[in-house]
Protein chains: 2
Amino acid sequence: MTAEAPSPRRGRPPGTTARALELIALQLFTEQGFDETTIEQIGTAAGVSRRTFFRYYDSKAAVLWDDFEGEVERLRAAFARVPYDVPLMDAIREVVVGVNRYRAEDVPELRTRMRLISSVPALQASAAPHYDRWERAVGDFAAARLAQPADSLYPLTISRTTLAACRAAFDHWLARGDEDLTSYLDLALRALITGFSDMLTTG
Amino acid sequence: MTAEAPSPRRGRPPGTTARALELIALQLFTEQGFDETTIEQIGTAAGVSRRTFFRYYDSKAAVLWDDFEGEVERLRAAFARVPYDVPLMDAIREVVVGVNRYRAEDVPELRTRMRLISSVPALQASAAPHYDRWERAVGDFAAARLAQPADSLYPLTISRTTLAACRAAFDHWLARGDEDLTSYLDLALRALITGFSDMLTTG
DNA sequence: TTGTTTTCGTCACTTGGTGACATTAACATT
DNA sequence: AATGTTAATGTCACCAAGTGACGAAAACAA
């Protein structure tokens, strides 16, 4: 997972890379649709068999979630660095917004990936376990701060609503991409923290 | 959907009912697991072929969501009856809590159904389109109140976080079923509306 | 040259889901 | 009583996702 030791390179060398499969799949999905793309096609384009694809990814949809899992790790790492004097909800907002700052060169791929996820039913369905791990990262932090078990009502509610606000920001960013993603995230999370009280007058 | 007219009963009579298939599936799922139950088994138990099952339900998981779709309709109907002077977030809380009052006799089935949905990955994945319609019901109401398009950031955020809070209440109710479901729903939604400000002191 | 190791390819199989088409069982008509 | 119409079912064929088993290829080491 971290740095690769200078492994003595035993055995048959891999015929492709997870990243290569991801890029090929991403292109085929956008070109001809997710459901219309078979794993056979992805494998062929990568010069590898269908069976080998499933050795790199557990499912056809998993290709789209590789980067997301990395974000979950960054999320946990960022929470671990938050000072104790930062209020709970402010800490969550700052961490979540901070983790979701992307380099300009990475934005196009992020956009096509998120557009696929939010438009293809089969991909929306595949989101559940990944969202769950994301929520768990937030929930563990909230539970520790509140000195409550992670499955208590408040940590659960905080983590779930936080993700919900972020998804709203993402979807709005996809629909009207005139603004920066982080602005929308910050807006949505601030609305969440204030209990949607400000928008009733400024709305 | 409503009352059935005294239809002249043309054609071959149905060999089963959607409700019958639902009950049989629910029992088999709890007894031997969702993934371990084939549609062939459900059909056989109902005295009907595999193909016929798919004429009643679009997928194996759809059986668990029939009642939920009814709740979405009740949700929309309840929103339509809310007076204009009730504040937005209060209206949402009251409507959502009100719609989720179940008769004591219906609670056991609700419990097993929700337990299945929250524990089986394949069923969690199947939730997406139904959650989407539920959110849309809330979002349309919020959008109308805020005089904004339904895909604006705030209506989106409100509807998504509302469902998120409800799901937290449901899951906590499943894990620790000592209290009433509506109490948890009310607690979670009040926490959402206050921006989680009260729990920081009351812990 | 002979192992050892790692990855890959082939094959067989189950299951979910779909389309096409014949078939059954009711009622209506003549 | 025979025939037609209608609605639901059954059968069949098919595709694609995913999985397990097992042998083969490709590297390096001894």
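Order of the sequence lines sets the chain letters (A, B, ...), proteins ahead of strands, with each chain counted from 1.
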Position toward the 5' end of DNA chain D (nearest nucleotide), B:Thr16 or B:Gly11:
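Final value for this comparison: B:Gly11.
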Between B:Gly47 and A:Arg12, name the one whose nearest nucleotide on DNA chain D is closer to the 5' end.
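It is B:Gly47, whose closest nucleotide lies nearer the 5' terminus.
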Do the rings of B:Tyr131 and B:Trp65 sit parallel, tilted or perpendicular, given the 30° and 60° boundaries?
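B:Tyr131 vs B:Trp65 ring planes: perpendicular.
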Please state whether the rings of A:Phe141 and A:Phe79 are parallel, tilted or perpendicular, taking 30° and 60° as the class boundaries.
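Ring orientation, 0 to 90° scale: parallel.
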Using OP1 and OP2 only, check whether a side-chain N or O of B:Thr52 sits under 4.0 Å from D:dG10.
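Yes, B:Thr52 has a side-chain N/O under 4.0 Å of OP1/OP2 on D:dG10.
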Given atom [atom1] of [X] and atom [atom2] of [N], what is their separation to the nearest angstrom?
X: B:Asp35; N: C:dT14; atom1: CG; atom2: P; answer: 17 Å
X: A:Phe29; N: D:dA16; atom1: CZ; atom2: C1'; answer: 13 Å
X: B:Glu40; N: C:dG16; atom1: CD; atom2: P; answer: 10 Å
X: B:Phe54; N: C:dA20; atom1: CZ; atom2: C1'; answer: 17 Å
X: A:Phe53; N: C:dG9; atom1: CZ; atom2: P; answer: 14 Å
X: B:Gln41; N: C:dG16; atom1: CD; atom2: C1'; answer: 14 Å
X: A:Lys60; N: C:dG16; atom1: NZ; atom2: C1'; answer: 14 Å
X: B:Ile42; N: C:dG16; atom1: CD1; atom2: P; answer: 8 Å

With the threshold set at 4.0 Å, does a side-chain nitrogen-carboxylate oxygen contact exist between B:Arg167 and B:Asp171?
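Looking at B:Asp171 together with B:Arg167, the answer is no, because their closest N to O distance does not fall below 4.0 Å.
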I'd like to know if A:Arg50 reaches the base of D:dG18 with its side chain, counting only an N/O donor and acceptor under 3.5 Å.
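Checked by distance alone, the answer is yes.
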Quick one: the side chain of A:Arg51 and the base of D:dG18, do they pair up donor-acceptor inside 3.5 Å?
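Result: no qualifying N/O pair found.
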Assess B:Arg111 against B:Trp173: is NZ or CZ under 6.0 Å from the centre of the six-membered ring, and within 45 degrees of the ring's axis?
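The answer is yes; both the distance and angle limits are met.
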Output yes when a side-chain donor or acceptor of B:Tyr56 lies under 3.5 Å from a complementary backbone atom of B:Thr17, and no otherwise.
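Side chain of B:Tyr56 to backbone of B:Thr17: no pair is present.
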Treating B:Asn100 as the side-chain partner and B:Val96 as the backbone partner, does any N or O pair qualify as donor plus acceptor under 3.5 Å?
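Yes.
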Defining pairs by Watson-Crick or G-U wobble geometry with both distances under 3.5 Å, how would you list the stems of DNA chain C with at least three pairs each?
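So the stems come out as C:1-30 with D:1-30.
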According to salt bridge (charged side-chain N to carboxylate O under 4.0 Å, His left out), who are the partners of B:Glu71, at least two apart in sequence or on a separate chain?
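For B:Glu71 there are no salt bridge (charged side-chain N to carboxylate O under 4.0 Å, His left out) partners, ignoring immediate neighbours.
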Heavy atoms under 4.0 Å, any strand shown: does A:Tyr56 hit a base, just sugar-phosphate, or nothing?
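Contact class for A:Tyr56: sugar-phosphate only.
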So which nucleotide from D:dC28, D:dT5, D:dG18 ends up closest to the side chain of B:Arg10?
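For B:Arg10, the side-chain atoms sit closest to D:dT5.
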Compare the minimum distances between each of D:dT6, C:dA20, D:dA17 and the side chain of B:Arg55, then state the nucleotide with the smallest one.
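Shortest atom-to-atom distance from the side chain points to C:dA20.
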